[in-house]
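Keep in mind that this is a model prediction, so the values were computed, not measured.
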Amino acid sequence: MLLLAALWGASVYAGWGLEAFCTPGEPGDQCARRLELVSTISGLFAVVAGSCSVAAWLTRSPRAFLPLMIVAIGSWVTAEALLFLGGMLVG
């Protein structure tokens with residue numbers, strides 16, 4: 001879970017997405033504007049994933065832990081996939 005979060009965060013905030021999807025010689029701000037929409041949509045799923053992760057670890061109900069973790073993992077994978085596919089389509 002933490003690795004998916006770290007991968008998403010590095011792709012969005014550490015510039016990995018810009019390195020992966022921007023062509024050499026292209027102005028960085030132009031590429032960043034193109035990827036902004038993709039990052040925003042992906043970020044919505046990341047917020048859901050992070051919220052479900054925290055809720056799962058803080059819940060006292062063992063029956064609620066597994067469904068919350070399933071939603072969290074699915075949301076992290078969706079956020080990563082949207083970032084990758086969006087970067088490929090936009091870039």
Side-chain angles (χ1 to χ4, degrees):
M1 187 79 53
L2 292 176
L3 290 176
L4 288 171
L7 177 63
W8 183 86
S11 296
V12 173
Y13 296 112
W16 288 10
L18 293 175
E19 288 291 321
F21 301 117
C22 295
T23 59
E26 179 181 17
D29 58 339
Q30 182 181 5
C31 183
R33 278 186 268 124
R34 286 198 334 256
L35 290 175
E36 184 176 357
L37 176 64
V38 173
S39 297
T40 301
I41 294 170
S42 176
L44 296 174
F45 285 93
V47 167
V48 170
S51 300
C52 287
S53 299
V54 170
W57 287 108
L58 293 179
T59 186
R60 295 185 185 263
S61 170
R63 296 180 70 197
F65 180 80
L66 186 60
L68 284 169
M69 288 303 278
I70 290 171
V71 171
I73 291 170
S75 295
W76 278 124
V77 170
T78 303
E80 297 288 348
L82 284 172
L83 195 60
F84 177 76
L85 292 174
M88 294 295 287
L89 294 174
V90 172

Residue pairs involving residues 54-72 (criterion side-chain hydrogen bond (donor to acceptor under 3.5 Å, both in side chains); sequence neighbours excluded): none
Could you go through residues 81-90 and list every donor-acceptor pair under 3.5 Å that involves a side-chain atom there, pairing it with any protein atom two or more places apart or in another chain?
none

Gap between atom CD of E80 and atom CG of L4 - 0.5 Å precision: 6.0 Å
Pairs involving residues 34-53, ordered by first then second residue, that meet ring-ring contact (aromatic ring centres under 6.0 Å, His included) (sequence neighbours left out): none
ILVMFWY network linking W76 to F65, side-chain heavy atoms under 4.5 angstrom: yes
Residue pairs involving residues 38-55 (criterion side-chain hydrogen bond (donor to acceptor under 3.5 Å, both in side chains); sequence neighbours excluded): W8-S42
Which atom pairs, one a donor and one an acceptor, fall under 3.5 Å between side chains of residues 67-74 and the rest of the protein, sequence neighbours left out?
none

V54: hydrophobic cluster co-members (side-chain, 4.5 Å): L58
Other cluster members, L44 - Ile/Leu/Val/Met/Phe/Trp/Tyr, side-chain contacts below 4.5 Å: none
Joint hydrophobic cluster, V38 plus Y13, side-chain heavy atoms closer than 4.5 Å: yes
